[in-house]
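Single-structure report; data block below.
Note: hydrogens, waters and symmetry copies are ignored here, and every other heavy atom, side chains too, is used.
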Amino acid sequence: MAFFKRKVQFNDDLGFGSAPVIKNQRVLNTDGTPNIERTGLPWFKFDDTYTRLVTMSWPRFFFVILTVYLIVNTLFAIAYNVIGIENLNGANGVTLRDQFFDAFFFSAQTISTVGYGHISPQGFITSVLAAFESMLGLLAFALATGLLYGRFSRPTSKVSFSKGMVIAPYQHHKGLMCRLVNLRRNSLIDIEVQMFMTFNETIDGKLRRSFYPLELERSKISVLSLNWTIVHPITEDSPMFEKTLDELKVAEVEIFVILKAFDDTFAQTIHTRTSYQDEDIQLDAKFEIMHYHNEEGKTVLDYSKLDKTISIS
């Protein structure tokens, strides 16, 4: 018997499968990424390098660039020493360590095409190696510049969702609510949001994961200039009607919020999403008002109040 009643038949496949979750595991992380661990893939795929470099975090990106830079210069420094450090005019190192660093810094000057002139190559083989490194440096820095541009120009969402949801009086019933705000100063237009509830239920004697769309008081707005409180009216047609938080916990309930909007700065559509579990829902509470009018007649939006609630019990 189904734990939650359904108003309409809905396609249960949202891309997460129908296997039930246990121990209150998330299907979707709060940052919008699927809670999936992928195995069986090769550690390195050349055709996926660009995607990984563009989407990885900034600290990791700069770490990769710095590591590759040091490795390449180290290899060329070893090559110059193998050919013979005497083929580098101006390299005055006596010990192996000093000779290595003379070659390393000459490599760094060559690959960046700086060329201070303190050290210069002599001999055919050394000159060929320096010329090859200079060409490699031009290509590498052009590639790094393209990656930096790709990271900066890639449209990303800075929409922040409240950390929790509340169940508060709404019209003649109650409503399940969360809210969001745009952290950037630009405008988002044609914003559309969807809300889904997923839970474990027994169908034909088998425990499976089901997905149910939650109807919203308003699913679209034209411009997101302030905060937006998303409301699912808990009417008799809602699967959450007369359900307690304990019942939601038993069913391993998780609620997805998926947003799509047009960013007029990038002139592209952006997407973002988050999820809430039963432990993130606060009963008989409402969100504090985030905006007010100051003495100058301007509307002030206080981002620090995004997660603040008021108990109404």
Side-chain angles (χ1 to χ4, degrees), residues 28-32 58 152-197 213-235 237-238 240-241 245 254-313:
L28 191 72
N29 296 319
T30 55
D31 61 357
W58 279 106
F152 275 110
S153 61
R154 185 170 64 95
T156 56
S157 168
K158 283 297 182 180
V159 173
S160 180
F161 294 89
S162 59
K163 294 182 180 179
M165 308 185 81
V166 298
I167 296 180
Y170 175 74
Q171 295 181 355
H172 302 294
H173 302 278
K174 290 187 177 182
L176 176 69
M177 308 176 189
C178 70
R179 67 179 174 185
L180 56 88
V181 69
N182 183 20
L183 298 182
R184 289 196 173 118
R185 296 180 182 272
N186 64 338
S187 297
L188 298 180
I189 60 177
D190 294 334
I191 304 97
E192 181 178 354
V193 69
Q194 294 176 291
M195 187 179 290
F196 298 91
M197 185 174 71
L214 299 181
E215 294 185 3
L216 300 177
E217 166 238 1
R218 178 181 299 172
S219 61
K220 296 180 181 180
I221 59 174
S222 298
V223 180
L224 180 61
S225 55
L226 297 173
N227 62 285
W228 181 16
T229 301
I230 304 170
V231 181
H232 163 63
I234 305 178
T235 63
D237 296 325
S238 170
M240 298 188 65
F241 185 68
L245 293 181
E254 185 173 347
I255 297 171
F256 303 156
V257 181
I258 303 174
L259 179 141
K260 179 176 69 173
F262 185 81
D263 191 320
D264 64 349
T265 301
F266 294 100
Q268 293 189 29
T269 301
I270 60 172
H271 301 266
T272 188
R273 52 203 169 272
T274 190
S275 75
Y276 300 94
Q277 293 181 299
D278 56 271
E279 60 191 23
D280 301 320
I281 301 175
Q282 186 176 353
L283 187 63
D284 294 329
K286 65 179 181 179
F287 289 111
E288 285 191 20
I289 298 176
M290 291 183 62
H291 55 84
Y292 60 92
H293 295 284
N294 62 12
E295 296 179 354
E296 299 176 356
K298 292 184 178 180
T299 301
V300 179
L301 182 62
D302 188 354
Y303 290 89
S304 65
K305 293 185 177 181
L306 176 63
D307 302 311
K308 292 185 177 181
T309 59
I310 302 174
S311 177
I312 56 176
S313 56

Derivation and outcome, side chain to side chain contact (heavy atoms under 4.5 Å, CB included), residues Ser162 and Tyr276 = CA-CA 10 Å; Ser162 59; Tyr276 300 94; 3.5 Å; yes
Pairwise distance [atom1]([X]) to [atom2]([Y]) - rounded to 0.5 angstrom:
| X | Y | atom1 | atom2 | answer |
| --- | --- | --- | --- | --- |
| Ser304 | Glu288 | OG | CD | 9.0 Å |
| Ile167 | Met240 | CD1 | CE | 4.5 Å |
| Asp307 | Phe287 | CG | CZ | 7.5 Å |
| Lys260 | Thr272 | NZ | OG1 | 14.0 Å |
| Glu215 | Ile234 | CD | CD1 | 13.0 Å |
| Leu226 | Arg179 | CG | CZ | 11.5 Å |

key: Presence of salt bridge, Asp284 and Lys174, under 4.0 angstrom   =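 The answer is yes: the pair qualifies as a salt bridge.
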query = Is there side-chain contact between Ser275 and Val257, with heavy atoms separated by less than 4.5 Å?
reply =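 No, side chains not in contact.
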query = Is there a side-chain contact between Ile258 and Val193 (heavy atoms, below 4.5 Å)?
reply =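 Counting from C-beta outward, Ile258 and Val193 never come under 4.5 Å.
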request  = Check ring-ring contact (aromatic ring centres under 6.0 Å, His included) between Tyr292 and all other residues, then give those that pass, not counting sequence neighbours.
outcome  = none
request  = Go through the steps for Phe152 and Trp58 under the test ring-ring contact (aromatic ring centres under 6.0 Å, His included), then give the verdict.
outcome  = CA-CA 11 Å; Phe152 275 110; Trp58 279 106; 5.1 Å; yes
task = For the pair Tyr303 (side chain) and Met290 (backbone), establish whether a donor and an acceptor sit closer than 3.5 Å, ignoring hydrogens and angles.
result =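 Checked: no pair found.
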query = Does Lys298 offer a backbone N or O that forms a donor-acceptor pair with the side chain of Asn294 under 3.5 Å?
reply = yes
inquiry  = Quick check on side-chain contact (heavy atoms from CB on, under 4.5 Å): which of Val159, Val181, Leu180 does Trp228 satisfy it with?
reply    =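 With Trp228 as partner, side-chain contact (heavy atoms from CB on, under 4.5 Å) holds for just one option, Leu180.
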Over 12 non-hydrogen atoms of neighbours within 6.0 angstrom of CD1 in Ile289 = no
request  = Check whether the side chains of Thr235 and Asp237 place a donor and an acceptor atom closer than 3.5 Å, and report yes or no.
outcome  =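 On atom types as modelled, these side chains do not qualify, holding no pair under 3.5 Å.
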His271 side chain to Ser157 side chain, donor-acceptor N/O pair below 3.5 angstrom = no
query = With Ser153, which residues qualify under side-chain hydrogen bond (donor to acceptor under 3.5 Å, both in side chains), at least two apart?
reply = none
